[in-house]
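Beneath this line is the structure, given in structure tokens, with notes to follow.
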Amino acid sequence: MSVFLMYFHIFLVVVFIWIIRIYKLLQKEIIDLKEVIGITGDVVIELKSIRSNCTNELKNIFSQAQEMAEKIELELTAKRLCKR
């Protein structure tokens, strides 16, 4: 699995965790819209934080990807995109 795909997978997991919380709140019979709006605001803040600190976030994501790869005994390698 390429490094990009590993990054992308972990990013999707982070975003999915936030979205599932909103989804579960919206599925209740009695919806607390104030809570849903608050969590939605948290999602927006989190995404903006990831975007503004992308270098640090990618380092964190890569370290998580390395940990996952070690657990399943997979070596992460980046393919060379340009020729010398």
Side-chain angles (χ1 to χ4, degrees):
M1 181 178 292
S2 72
V3 175
F4 171 76
L5 290 177
M6 190 66 78
Y7 282 146
F8 188 65
H9 173 74
I10 294 173
F11 175 76
L12 285 179
V13 169
V14 170
V15 171
F16 183 73
I17 289 169
W18 284 98
I19 291 173
I20 200 76
R21 288 181 63 200
I22 296 170
Y23 173 77
K24 285 182 179 181
L25 285 173
L26 290 173
Q27 294 300 315
K28 292 182 179 179
E29 288 184 24
I30 300 174
I31 300 172
D32 184 4
L33 288 178
K34 188 174 183 177
E35 186 178 0
V36 173
I37 290 170
I39 292 176
T40 305
D42 292 343
V43 171
V44 171
I45 290 169
E46 182 71 23
L47 291 175
K48 285 181 180 179
S49 171
I50 290 171
R51 188 174 182 186
S52 67
N53 300 322
C54 63
T55 304
N56 293 333
E57 290 295 329
L58 286 176
K59 285 180 184 177
N60 291 339
I61 290 172
F62 186 72
S63 67
Q64 290 177 4
Q66 283 180 321
E67 289 174 11
M68 289 174 61
E70 288 173 3
K71 287 181 182 176
I72 60 172
E73 298 176 1
L74 177 74
E75 183 180 340
L76 290 180
T77 57
K79 292 183 180 178
R80 190 178 192 100
L81 298 177
C82 60
K83 297 179 183 178
R84 283 191 168 182

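Here the structure is a predicted model, which is why all the values come from computation and not from measurement.
- Between Leu26 atom CG and Ile19 atom CD1 the span is 11.5 Å, to the nearest 0.5 Å.
- The cluster map of Ile, Leu, Val, Met, Phe, Trp and Tyr, joined by side-chain heavy atoms under 4.5 Å apart, puts Val44 and Ile37 in different clusters.
- Rounded to the nearest 0.5 Å, atoms CD (Gln27) and CD1 (Ile22) are 12.5 Å apart.
- At distances below 3.5 Å, at least one donor-acceptor pair connects side-chain atoms of Thr40 with backbone N or O atoms of Val36.
- When side chains are defined from C-beta on, Leu25 counts as touching Ile39, because their heavy atoms get closer than 4.5 Å.
- Remark: Glu46 CD to Asp42 CG distance equals 8.5 Å, nearest 0.5 Å.
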